[in-house]
Structure formats: C-alpha cells, structure tokens
Amino acid sequence: MRRFANLAAVGALVLTAGCYHAVVETGRPSSGQIIENEWASSWIAGLVPPATVNTASQCPNGVSKVETKHSFLNMLAAFVTFNIYSPMTITVTCATGGTASAADAIEAGTTLEERTAAFEAAIAKSKATGAPVYVQF
C-alpha cells in the first residue's frame, strides 16, 4: 500500500510539472527579426522579475510578439537553487512598419459634417484595405 502511495505521489508530481509559457501578441505584422534572451534572471520564484528587454534600438517599428517560457534547463536551475534563482527565456519578435503615411491621409474640414464624412471615409478605406488611414485636420 505504501508503494502505491509513493507511485501516486511521483505520478502526480510528473503530471503537474510543466513548462510555463506565455505569449503576448500586439496584432502588428511580424518582420522576422527576433531578439532572444535564454537566461533572463528572475529571483525568488519570479517575484523579482528579470530586467526589461531593451528593444527600442533593434525594433524601430515596435514589437509584434513577446514570448516568455521556462525551458527544461531553466526549471532545472530553479529546482537546484530552490527557486531562489529562477531564470526564464524571453523571445521578442519585432514588427514591420505598419503605420499610416501621409499618402493615406484623408483631409477633414472644419465643420462637424465635414469631419464626420472624413471619419466615415477613413473607416471605409481602412476596412477595404486592411491598413491604417490617417485623418488630417
């Protein structure tokens, strides 16, 4: 009976152990440029987070996706240090330039009717092209 309890405990431990994985997508198209930090240092089981990944110089058009996960080796390091040091892998995917340009601009007038018409035209153009449209006042 004791052996069955030990096997059940080990089985429960194996089944509940998994790799933590979170993905945040901004909705912007990916450029394919990736910034990866495989050993981002966090402390005390993640209570002290890793340093911020500086992407401003490498991703001039912003970020498309941020992915954080604990790989097997990250979890092994956390286990060996009793979760005092708990590293994680951070992967940042840069975005392409998907901003509106002056060529896509729609001129809005000064009256309420003209501005309303300009916004309706911008909405229709954006919906048709799938791209942002700039409304200029």
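Only heavy atoms go into these numbers, but all of them, side chains included; no hydrogens, no water, no symmetry mates.
Rounded to the nearest 0.5 angstrom, Ser42 OG and Asn74 CG are separated by 8.5 Å.
Annotation: ring-ring contact (aromatic ring centres under 6.0 Å, His included) contacts of Trp39 (sequence neighbours excluded): none. The side-chain contact (heavy atoms from CB on, under 4.5 Å) test applied to Thr68 returns Tyr20, Ala22, Met88, Ile90, not counting sequence neighbours.
Between Val63 and Thr93 the shortest side-chain heavy-atom distance does not fall below 4.5 Å. Using a 4.5 Å cut-off on side-chain heavy atoms (C-beta onward), His21 and Val23 make contact. Within the 4.5 Å cutoff, the side chain of Thr111 has heavy atoms near those of the Glu114 side chain. Side-chain contact between Val53 and Ile35 is present, with heavy atoms from C-beta onward closer than 4.5 Å. Counting only heavy atoms from C-beta outward, the side chains of Val92 and Lys65 never approach each other to under 4.5 Å. When side chains are defined from C-beta on, Tyr85 counts as touching Ser41, because their heavy atoms get closer than 4.5 Å.
A distance-only check finds no donor-acceptor pair linking the side chain of Ser126 to the backbone of Ala122 [under 3.5 Å].
In plain terms, the two heavy atoms of Ala40 and Pro50 that are nearest each other are CB-CB, 3.8 Å. The minimum heavy-atom distance between Gly46 and Ser86, with the atom names listed, is N-OG, 3.2 Å. Residues Arg28 and Ser64 approach most closely at O-OG, 2.9 Å, considering heavy atoms.
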